[in-house]
Amino acid sequence: MEAKEISQAVIGRLPRYFRYLGELKDQGVERISSQELSELMQVTASQIRQDFNNFGGFGQQGYGYNVKYLYDEIGKILGLDQTHNFVIIGAGNLGRALGNYLNFERRGFLFRGIFDQNPALVGMDVRGVKVRPMEELETFIRENQIDIAVLTIPKTGAVGVADRLVQNGIKAIWNFAHVDLRVPEGIQVENVHLSDSLMKLSYNLSRYGKEQKSN
Ligand code: NAI
């Protein structure tokens with residue numbers, strides 16, 4: 001496939017397509033038209049076609065798309081045909097919850113290590129993985145081909161820890177700390193702020209409330 005620049009908005013929609021197609025595949029559905037997918041996902045068929053055209057259209061022939069083919073191709077685009085080793089920095093509530101979530105493995109993300117600066121947490125078991133002290137971080141990520149780090153620590157320590165991670169070969173950071181990280185070019189950072197999603201919900205709730213009152 002040609003290395004065409006795809007907008008982040010399109011990339012942001014791919015996981016949802018992937019999820020729906022995975023469910024269809026599991027239900028034994030072999031083909032689906034853009035119209036049917038559109039009704040299922042509540043997005044317009046033209047949006048779906050436009051999104052898929054970024055990747056050559058996925059060869060819609062005759063009746064609709066081949067579900068398994070589409071699922072596999074979108075998986076490849078998302079890099080899910082490879083496995084990724086990840087570590088979690090911060091074994092608090094959030095870090096442990098993420099470590100305990102099994103579904104990441106299904107997508108090829110392998111939970112290899114979890115680190116914390118609090119000695120009281122070192123040795124604690126998180127789904128078969130023992131919490132390690134921060135002193136072991138560098139050696140561990142170099143020796144275990146870790147490519148992703150999940151940052152679940154407060155913002156105060158996050159910048160320094162991110163620097164250590166990058167210096168030791170981490171290629172991508174899934175950042176839950178409430179701070180913008182400055183990383184060298186080529187290092188991928190995905191910031192997650194659950195409260196952003198909650199604020200969006202709050203906006204819709206207040207707007208919907210107003211509409212109801214005015215009716
Ligand atoms: P927590 O207090 O349960 O856990 C934080 C852990 O990080 C503690 O075990 C602490 O010892 C460790 N830690 C702190 N500084 C460290 C450092 N420099 N190196 C290694 N370990 C360090 O907190 P919780 O609830 O797990 O949240 C973690 C962070 O994530 C918080 O700062 C919180 O603001 C943030 N957060 C972000 C969310 C988001 O959507 N982005 C959602 C929830 C929490």
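Read the numbers this way: they start at 1 and go in the same order the structure lists the ligands and their atoms. On a predicted model such as this, the values are computed, not experimentally measured, just so you know.
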Verdict with supporting geometry, F52 and Y17, ring pair (Phe, Tyr, Trp, His ring centres under 6.0 Å): CA-CA 10 Å; F52 290 179; Y17 289 123; 4.9 Å; yes
Atom 2 (O) of ligand 1 touched by protein heavy atom at under 4.0 Å: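 Protein heavy atoms within 4.0 Å of atom 2 (O) of ligand 1 - there are none.
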Identify the closest protein heavy atom to [atom]: which residue and atom is it, and at what distance?
atom                    : value
atom 7 (O) of ligand 1  : I153 CG2, 3.6 Å
atom 21 (N) of ligand 1 : Q117 N, 3.3 Å
atom 14 (C) of ligand 1 : P154 CD, 3.4 Å
atom 37 (C) of ligand 1 : F176 O, 3.1 Å
atom 40 (O) of ligand 1 : L194 N, 2.6 Å
atom 11 (O) of ligand 1 : D116 OD1, 2.6 Å
atom 44 (C) of ligand 1 : L94 CD2, 3.7 Å
atom 25 (O) of ligand 1 : N93 CB, 3.8 Å

Donor-acceptor pair, side chain of N168 and main chain of R142, under 3.5 angstrom: no
Parallel, tilted or perpendicular, as decided by the 30° and 60° cut-offs, for the rings of F109 and F104: perpendicular
Whether F18 and Y71 hold their rings parallel, tilted or perpendicular, with breakpoints at 30° and 60°: parallel
How does [X] reach ligand 1, if at all, at less than 4.0 Å between non-hydrogen atoms: by side chain, backbone, both, or neither?
X    : result
T156 : neither
H178 : side chain
T152 : backbone

Nearest heavy-atom neighbours spanning N175 and N191: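 Smallest heavy-atom distance, with atoms named: ND2-OD1, 2.9 Å.
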Minimum heavy-atom distance V179-K155, with the two atoms named: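 Smallest heavy-atom distance, with atoms named: CB-CB, 3.7 Å.
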Please list, in number order, the atoms of ligand 1 under 4.0 Å from a heavy atom of [X].
X    : value
V192 : 39 (C), 40 (O), 41 (N)
L121 : 9 (O)
G90  : 7 (O)
N118 : 11 (O)

Side-chain H-bond candidate by donor/acceptor type, N144 with R112, under 3.5 Å: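 Looking only at side-chain atoms, R112 and N144 do not form any donor-acceptor pair under 3.5 Å.
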With a 4.5 Å limit on heavy-atom distance, are the side chains of [X] and [Y] in contact?
X    : Y    : answer
R132 : I114 : no
V150 : V87  : no
K68  : E30  : no

